[in-house]
**Student:** 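The structure follows.
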Amino acid sequence: MFNRIVINCLSDISIEGSLFSGQTFRWRLIEEMPEYFVNIINSIPIIIRQLKMDIFEAYYETETTTESELSELITTYFQLELSPDNIFPEMFSRHYPEVWQKMKNYLTLRVLRQDPFETLITFMCAQGIGMQIIRRQVETISRIYGKERSVFFNGREVTLFSFPTVSALAEADPEKLSRCTNNNRTRARNIITAAGSISQGKLDFKKLQDKSIPLEELRNELCKLGGIGFKIADCIALFGLGRMDAFPIDTHVKQYLGKWFGIGADPGSLTPATYLKLDAEARTIMNPCFAGYAGHILFHCWRCEEKRLRTC
DNA sequence: CCCCAGGCTTTTC
DNA sequence: GAAAAGCATGGG
(Lines give C-alpha, C1' and ligand atoms only; values in the text may rest on other atoms or scores of the structure.)
Protein backbone atom coordinates (compact mmCIF):
# COMPACT_ATOMS: atom_id res chain seq x y z
CA MET A 1 0.00 0.00 0.00
CA PHE A 2 1.35 3.37 -1.05
CA ASN A 3 1.01 6.70 0.69
CA ARG A 4 1.81 10.06 -0.77
CA ILE A 5 3.59 13.14 0.44
CA VAL A 6 3.83 16.48 -1.31
CA ILE A 7 7.11 18.30 -1.28
CA ASN A 8 7.10 22.07 -1.55
CA CYS A 9 10.47 23.41 -2.61
CA LEU A 10 11.90 26.81 -1.83
CA SER A 11 12.71 27.33 -5.50
CA ASP A 12 11.79 25.83 -8.86
CA ILE A 13 13.10 22.35 -9.49
CA SER A 14 13.37 20.10 -12.53
CA ILE A 15 12.86 16.51 -11.50
CA GLU A 16 13.51 15.11 -14.96
CA GLY A 17 16.60 17.25 -15.44
CA SER A 18 17.96 16.19 -12.08
CA LEU A 19 17.36 12.49 -12.61
CA PHE A 20 18.41 12.33 -16.26
CA SER A 21 21.41 14.56 -16.58
CA GLY A 22 24.08 11.94 -16.05
CA GLN A 23 24.61 12.08 -12.29
CA THR A 24 22.48 9.06 -11.44
CA PHE A 25 21.84 6.21 -13.83
CA ARG A 26 19.28 4.24 -11.87
CA TRP A 27 15.99 6.09 -12.19
CA ARG A 28 13.50 4.99 -14.79
CA LEU A 29 9.95 5.62 -15.90
CA ILE A 30 7.12 3.28 -15.00
CA GLU A 31 5.77 1.65 -18.15
CA GLU A 32 2.77 3.45 -19.56
CA MET A 33 2.97 6.06 -16.80
CA PRO A 34 5.20 8.62 -18.46
CA GLU A 35 5.33 11.09 -15.57
CA TYR A 36 6.24 8.71 -12.79
CA PHE A 37 9.87 8.06 -11.96
CA VAL A 38 10.86 5.10 -9.83
CA ASN A 39 13.97 3.90 -8.00
CA ILE A 40 15.13 2.19 -4.83
CA ILE A 41 17.13 4.32 -2.44
CA ASN A 42 18.41 2.87 0.84
CA SER A 43 16.29 -0.23 0.15
CA ILE A 44 13.20 1.99 -0.01
CA PRO A 45 11.13 1.99 -3.22
CA ILE A 46 10.27 5.56 -4.15
CA ILE A 47 8.03 6.90 -6.88
CA ILE A 48 8.03 10.59 -7.68
CA ARG A 49 6.21 12.90 -10.05
CA GLN A 50 6.50 16.60 -10.69
CA LEU A 51 3.33 18.59 -9.99
CA LYS A 52 4.33 22.21 -10.43
CA MET A 53 7.53 24.14 -11.01
CA ASP A 54 8.34 24.01 -7.32
CA ILE A 55 6.24 21.08 -6.12
CA PHE A 56 6.54 17.35 -6.54
CA GLU A 57 4.94 14.32 -4.97
CA ALA A 58 6.56 11.19 -3.60
CA TYR A 59 4.96 7.81 -2.97
CA TYR A 60 6.21 5.33 -0.43
CA GLU A 61 5.17 1.90 0.78
CA THR A 62 3.76 2.11 4.28
CA GLU A 63 5.16 -1.37 4.99
CA THR A 64 8.68 -0.20 4.20
CA THR A 65 8.99 3.27 5.63
CA THR A 66 7.26 6.19 7.30
CA GLU A 67 6.29 9.61 6.11
CA SER A 68 8.91 11.38 8.18
CA GLU A 69 11.66 9.00 7.14
CA LEU A 70 10.84 9.47 3.47
CA SER A 71 10.58 13.21 3.87
CA GLU A 72 14.05 13.32 5.37
CA LEU A 73 15.44 11.04 2.69
CA ILE A 74 14.03 13.22 -0.09
CA THR A 75 15.34 16.39 1.50
CA THR A 76 18.81 14.92 1.66
CA TYR A 77 18.73 13.30 -1.76
CA PHE A 78 17.66 16.47 -3.57
CA GLN A 79 19.62 18.72 -1.21
CA LEU A 80 16.49 20.78 -0.72
CA GLU A 81 17.97 22.76 2.13
CA LEU A 82 20.59 24.10 -0.26
CA SER A 83 19.70 27.46 -1.74
CA PRO A 84 20.65 27.56 -5.42
CA ASP A 85 20.79 31.35 -5.54
CA ASN A 86 24.53 31.70 -5.21
CA ILE A 87 25.62 28.87 -7.45
CA PHE A 88 26.84 31.34 -10.03
CA PRO A 89 28.56 34.56 -9.05
CA GLU A 90 26.73 37.85 -9.39
CA MET A 91 28.82 38.91 -12.37
CA PHE A 92 28.31 35.75 -14.38
CA SER A 93 25.22 36.77 -16.37
CA ARG A 94 26.82 40.07 -17.35
CA HIS A 95 30.17 38.58 -18.26
CA TYR A 96 28.74 35.71 -20.29
CA PRO A 97 25.31 36.85 -21.52
CA GLU A 98 25.11 34.32 -24.38
CA VAL A 99 25.93 31.40 -22.13
CA TRP A 100 23.54 32.72 -19.52
CA GLN A 101 20.68 32.85 -22.04
CA LYS A 102 21.15 29.19 -22.89
CA MET A 103 21.84 28.09 -19.37
CA LYS A 104 19.28 29.91 -17.25
CA ASN A 105 16.64 27.31 -18.17
CA TYR A 106 18.81 24.66 -16.58
CA LEU A 107 19.17 26.35 -13.20
CA THR A 108 16.28 24.25 -11.87
CA LEU A 109 18.44 21.15 -12.14
CA ARG A 110 19.56 19.96 -8.72
CA VAL A 111 22.77 18.15 -7.95
CA LEU A 112 21.83 15.08 -5.96
CA ARG A 113 23.31 13.70 -2.78
CA GLN A 114 23.67 10.00 -3.55
CA ASP A 115 25.03 6.99 -1.76
CA PRO A 116 28.86 7.08 -1.90
CA PHE A 117 29.29 3.41 -2.76
CA GLU A 118 26.72 3.52 -5.53
CA THR A 119 28.35 6.67 -6.87
CA LEU A 120 31.78 5.06 -6.73
CA ILE A 121 30.73 2.00 -8.70
CA THR A 122 28.51 3.75 -11.24
CA PHE A 123 31.17 6.28 -12.12
CA MET A 124 33.79 3.58 -12.42
CA CYS A 125 31.57 2.42 -15.27
CA ALA A 126 31.82 5.83 -16.94
CA GLN A 127 35.21 5.88 -18.60
CA GLY A 128 35.52 6.62 -22.29
CA ILE A 129 32.07 5.33 -23.01
CA GLY A 130 28.65 6.72 -23.98
CA MET A 131 25.92 7.61 -21.51
CA GLN A 132 23.56 4.92 -22.82
CA ILE A 133 26.16 2.25 -22.21
CA ILE A 134 26.84 3.54 -18.71
CA ARG A 135 23.17 3.27 -17.93
CA ARG A 136 23.06 -0.23 -19.37
CA GLN A 137 26.00 -1.33 -17.22
CA VAL A 138 24.45 0.02 -14.03
CA GLU A 139 21.14 -1.65 -14.84
CA THR A 140 22.81 -4.98 -15.50
CA ILE A 141 24.94 -4.82 -12.36
CA SER A 142 21.83 -4.09 -10.29
CA ARG A 143 19.87 -6.87 -11.94
CA ILE A 144 22.56 -9.49 -11.43
CA TYR A 145 23.99 -8.46 -8.05
CA GLY A 146 21.18 -6.44 -6.47
CA LYS A 147 18.06 -7.67 -4.76
CA GLU A 148 14.82 -7.97 -6.68
CA ARG A 149 11.85 -6.12 -5.27
CA SER A 150 8.33 -6.00 -6.71
CA VAL A 151 5.81 -3.37 -5.76
CA PHE A 152 2.25 -2.75 -6.85
CA PHE A 153 1.43 0.77 -7.84
CA ASN A 154 -1.88 1.84 -9.37
CA GLY A 155 -2.72 -1.79 -10.05
CA ARG A 156 0.53 -2.36 -11.89
CA GLU A 157 3.42 -4.57 -10.87
CA VAL A 158 6.74 -2.75 -10.95
CA THR A 159 9.89 -4.83 -10.63
CA LEU A 160 12.89 -3.06 -9.17
CA PHE A 161 16.42 -3.98 -8.22
CA SER A 162 18.30 -2.46 -5.34
CA PHE A 163 21.88 -1.44 -5.90
CA PRO A 164 24.23 -4.28 -4.86
CA THR A 165 25.77 -4.29 -1.40
CA VAL A 166 29.49 -3.83 -0.89
CA SER A 167 30.01 -7.50 -0.13
CA ALA A 168 27.98 -8.64 -3.13
CA LEU A 169 30.43 -6.88 -5.43
CA ALA A 170 33.51 -7.60 -3.34
CA GLU A 171 32.80 -11.31 -3.69
CA ALA A 172 31.75 -11.17 -7.34
CA ASP A 173 33.38 -13.38 -9.94
CA PRO A 174 35.41 -11.21 -12.35
CA GLU A 175 34.31 -13.13 -15.40
CA LYS A 176 30.65 -12.89 -14.51
CA LEU A 177 30.87 -9.24 -13.50
CA SER A 178 32.64 -8.33 -16.73
CA ARG A 179 29.53 -9.32 -18.63
CA CYS A 180 27.84 -6.45 -16.78
CA THR A 181 30.66 -3.98 -17.43
CA ASN A 182 30.51 -3.83 -21.19
CA ASN A 183 32.75 -6.94 -21.33
CA ASN A 184 35.56 -4.91 -19.85
CA ARG A 185 37.48 -7.22 -17.51
CA THR A 186 39.85 -4.57 -16.24
CA ARG A 187 36.87 -2.53 -15.10
CA ALA A 188 35.25 -5.57 -13.48
CA ARG A 189 38.44 -6.37 -11.56
CA ASN A 190 38.80 -2.75 -10.46
CA ILE A 191 35.24 -2.73 -9.15
CA ILE A 192 35.80 -5.93 -7.18
CA THR A 193 39.01 -4.57 -5.69
CA ALA A 194 37.38 -1.26 -4.80
CA ALA A 195 34.46 -2.99 -3.10
CA GLY A 196 37.00 -5.18 -1.31
CA SER A 197 38.93 -2.26 0.08
CA ILE A 198 35.70 -0.82 1.46
CA SER A 199 34.69 -4.07 3.15
CA GLN A 200 38.20 -4.32 4.59
CA GLY A 201 38.00 -0.78 5.91
CA LYS A 202 40.88 0.50 3.79
CA LEU A 203 38.52 3.00 2.27
CA ASP A 204 36.10 4.56 4.75
CA PHE A 205 33.35 6.76 3.35
CA LYS A 206 32.30 7.79 6.86
CA LYS A 207 35.67 9.45 7.30
CA LEU A 208 35.71 10.88 3.80
CA GLN A 209 32.32 12.58 4.37
CA ASP A 210 34.07 15.01 6.67
CA LYS A 211 33.74 18.30 4.83
CA SER A 212 36.85 19.69 6.49
CA ILE A 213 39.01 17.39 4.39
CA PRO A 214 40.64 19.47 1.65
CA LEU A 215 39.42 18.59 -1.82
CA GLU A 216 42.91 17.72 -3.00
CA GLU A 217 43.42 15.29 -0.15
CA LEU A 218 40.06 13.67 -0.76
CA ARG A 219 40.84 13.31 -4.44
CA ASN A 220 44.21 11.72 -3.79
CA GLU A 221 42.67 9.29 -1.35
CA LEU A 222 40.12 8.12 -3.92
CA CYS A 223 42.77 7.95 -6.63
CA LYS A 224 44.59 5.25 -4.67
CA LEU A 225 41.98 2.84 -6.00
CA GLY A 226 42.76 1.25 -9.35
CA GLY A 227 40.68 2.60 -12.20
CA ILE A 228 40.06 5.95 -10.52
CA GLY A 229 41.71 9.16 -11.65
CA PHE A 230 40.99 12.82 -11.01
CA LYS A 231 37.76 12.90 -12.99
CA ILE A 232 36.06 9.92 -11.40
CA ALA A 233 37.31 10.98 -7.97
CA ASP A 234 35.74 14.40 -8.42
CA CYS A 235 32.47 12.80 -9.53
CA ILE A 236 32.40 10.69 -6.37
CA ALA A 237 33.15 13.76 -4.27
CA LEU A 238 30.46 15.84 -5.96
CA PHE A 239 27.62 13.36 -6.33
CA GLY A 240 28.39 10.93 -3.51
CA LEU A 241 30.04 12.96 -0.77
CA GLY A 242 28.17 16.22 -1.06
CA ARG A 243 31.23 18.18 -2.14
CA MET A 244 29.73 20.92 -4.26
CA ASP A 245 33.23 22.33 -4.72
CA ALA A 246 34.46 19.27 -6.63
CA PHE A 247 34.58 20.04 -10.34
CA PRO A 248 34.86 16.95 -12.57
CA ILE A 249 36.42 17.69 -15.95
CA ASP A 250 35.71 15.34 -18.82
CA THR A 251 35.68 15.67 -22.58
CA HIS A 252 32.44 17.70 -22.53
CA VAL A 253 33.52 20.04 -19.76
CA LYS A 254 36.80 20.59 -21.54
CA GLN A 255 34.84 21.44 -24.68
CA TYR A 256 32.55 24.01 -23.10
CA LEU A 257 35.35 25.59 -21.10
CA GLY A 258 37.12 26.24 -24.41
CA LYS A 259 34.13 27.25 -26.52
CA TRP A 260 32.16 29.24 -24.00
CA PHE A 261 34.84 30.70 -21.77
CA GLY A 262 38.06 30.55 -23.77
CA ILE A 263 39.71 28.42 -21.12
CA GLY A 264 42.34 25.91 -22.25
CA ALA A 265 41.31 25.88 -25.89
CA ASP A 266 44.17 23.57 -26.90
CA PRO A 267 42.73 20.38 -28.37
CA GLY A 268 45.23 18.00 -26.75
CA SER A 269 44.27 15.18 -24.45
CA LEU A 270 43.32 15.78 -20.85
CA THR A 271 46.54 15.05 -18.95
CA PRO A 272 46.70 15.36 -15.16
CA ALA A 273 48.56 18.65 -15.55
CA THR A 274 45.93 20.16 -17.87
CA TYR A 275 43.23 18.82 -15.60
CA LEU A 276 44.56 20.76 -12.62
CA LYS A 277 45.12 23.85 -14.73
CA LEU A 278 41.58 23.82 -16.12
CA ASP A 279 40.24 23.14 -12.64
CA ALA A 280 42.00 26.19 -11.25
CA GLU A 281 40.96 28.45 -14.13
CA ALA A 282 37.33 27.35 -14.04
CA ARG A 283 37.15 28.39 -10.41
CA THR A 284 37.98 31.95 -11.35
CA ILE A 285 34.74 32.35 -13.31
CA MET A 286 32.45 30.61 -10.88
CA ASN A 287 31.82 30.49 -7.19
CA PRO A 288 34.53 28.06 -6.02
CA CYS A 289 32.46 26.45 -3.28
CA PHE A 290 29.76 25.63 -5.84
CA ALA A 291 32.04 24.98 -8.82
CA GLY A 292 30.84 21.40 -9.22
CA TYR A 293 27.19 22.32 -8.91
CA ALA A 294 27.58 25.01 -11.55
CA GLY A 295 29.69 22.68 -13.66
CA HIS A 296 26.99 20.04 -13.74
CA ILE A 297 24.40 22.55 -14.90
CA LEU A 298 26.74 23.74 -17.63
CA PHE A 299 27.55 20.14 -18.51
CA HIS A 300 23.90 19.25 -19.01
CA CYS A 301 23.21 22.46 -20.90
CA TRP A 302 26.21 21.89 -23.18
CA ARG A 303 25.15 18.37 -24.04
CA CYS A 304 21.51 19.31 -24.66
CA GLU A 305 21.90 22.65 -26.41
CA GLU A 306 25.17 22.29 -28.32
CA LYS A 307 25.66 18.58 -28.85
CA ARG A 308 22.05 17.47 -28.95
CA LEU A 309 22.88 14.39 -26.95
CA ARG A 310 20.56 12.22 -24.96
CA THR A 311 21.35 11.12 -21.46
CA CYS A 312 18.98 8.18 -21.26
C1' DC B 1 38.12 2.12 -40.98
C1' DC B 2 37.39 6.16 -38.92
C1' DC B 3 36.04 8.81 -34.78
C1' DC B 4 33.83 9.41 -30.43
C1' DA B 5 32.33 8.31 -25.79
C1' DG B 6 31.51 11.92 -18.57
C1' DG B 7 39.57 8.17 -18.74
C1' DC B 8 43.20 5.58 -16.66
C1' DT B 9 47.80 3.30 -16.66
C1' DT B 10 52.29 2.48 -18.31
C1' DT B 11 56.18 3.88 -20.80
C1' DT B 12 59.43 7.10 -22.18
C1' DC B 13 62.16 11.30 -22.30
C1' DG C 1 59.06 15.17 -12.83
C1' DA C 2 55.95 15.62 -17.07
C1' DA C 3 54.58 14.49 -21.76
C1' DA C 4 53.39 10.61 -25.07
C1' DA C 5 51.81 6.36 -26.10
C1' DG C 6 49.05 2.40 -24.98
C1' DC C 7 44.89 0.38 -23.39
C1' DA C 8 39.91 -1.30 -23.47
C1' DT C 9 35.09 -1.76 -25.65
C1' DG C 10 30.82 -0.64 -28.16
C1' DG C 11 28.31 2.47 -31.20
C1' DG C 12 27.62 5.68 -35.13
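To find a chain, count down the sequence lines: A is the first, B the second, and so on, and within it residues start at 1.
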**Student:** Using whole Å, what does the distance between atom C1' of nucleotide dG6(B) and atom NZ of K254(A) come to?
**Tutor:** 14 Å
**Student:** What donor-acceptor contacts under 3.5 angstrom involve side-chain atoms of residues 283-291 of chain A, with partners at least two apart or in another chain?
**Tutor:**
unit_1, atom_1, unit_2, atom_2, d
R283(A), NE, D279(A), OD2, 3.2
R283(A), NH1, D245(A), O, 2.9
R283(A), NH1, P288(A), O, 3.4
R283(A), NH2, D245(A), O, 3.0
R283(A), NH2, D279(A), OD1, 3.1
T284(A), OG1, E281(A), O, 2.5
N287(A), ND2, N86(A), O, 2.9

**Student:** Taking the six-membered ring for Trp, are the ring centroids of F117(A) and F205(A) within less than 6.0 Å of each other?
**Tutor:** no
**Student:** Closer than 4.0 angstrom, basic N to acidic O: yes or no for R156(A) and E32(A)?
**Tutor:**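 Looking at E32(A) together with R156(A), the answer is yes, because their closest N to O distance falls below 4.0 Å.
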**Student:** Return a table of donor-acceptor pairs under 3.5 angstrom between the side chains of residues 17-24 of chain A and protein atoms on other chains or two or more places apart.
**Tutor:**
unit_1, atom_1, unit_2, atom_2, d
S18(A), OG, S14(A), O, 2.6
S18(A), OG, R110(A), N, 3.0
S21(A), OG, G17(A), O, 2.9
S21(A), OG, H296(A), NE2, 2.8
Q23(A), OE1, L112(A), N, 2.9
Q23(A), NE2, S18(A), O, 3.0
Q23(A), NE2, R110(A), O, 2.9
T24(A), OG1, R26(A), N, 3.3

**Student:** Using a heavy-atom cut-off of 4.0 Å across all strands, would you classify R135(A) as base, sugar-phosphate, or nothing?
**Tutor:** nothing
**Student:** Going 5' to 3' along DNA chain C, which are the first and last nucleotides with any atom under 4.0 Å from a heavy atom of chain A?
**Tutor:** dA3(C) to dG11(C)
**Student:** Would you give a per-nucleotide map of nucleotides 7-13 of chain B, 5' to 3', where B means the base has a protein non-hydrogen atom under 4.0 Å away, S means only the sugar-phosphate does, and - means neither?
**Tutor:** SSS----
**Student:** R113(A): what forms a salt bridge (Lys or Arg N to Asp or Glu O under 4.0 Å) with it, not counting sequence neighbours?
**Tutor:**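 Salt bridge (Lys or Arg N to Asp or Glu O under 4.0 Å) check on R113(A) returns nothing, list empty.
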**Student:** May I ask you to say whether E306(A) pairs ionically with K102(A), meaning some side-chain N is under 4.0 Å from a carboxylate O?
**Tutor:**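 Salt bridge: yes.
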**Student:** Which part of the nucleic acid, if any, lies within contact of H296(A), taking any heavy atom under 4.0 Å across all strands shown: a base, the sugar-phosphate backbone alone, or nothing?
**Tutor:** base
**Student:** Is any side-chain heavy atom of P174(A) closer than 4.5 Å to one of I192(A)?
**Tutor:**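 Yes, their side chains come closer than 4.5 Å.
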**Student:** Scan for side-chain hydrogen bond (donor to acceptor under 3.5 Å, both in side chains) pairs involving residues 170-185 of chain A, sequence neighbours excluded, and state none if there are none.
**Tutor:** R136(A)-N182(A), E175(A)-R185(A)
**Student:** Checking all strands, does R187(A) fall into the base, sugar-phosphate, or nothing category for heavy-atom contacts under 4.0 angstrom?
**Tutor:** nothing
**Student:** If you measure from the P atom in dT11(B) to the same atom in dA8(C), how many Å do you get, rounded?
**Tutor:**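 Those two atoms are separated by 13 Å.
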**Student:** In whole angstroms, how far is the P atom of dA5(B) from the CZ atom of R308(A)?
**Tutor:** 16 Å
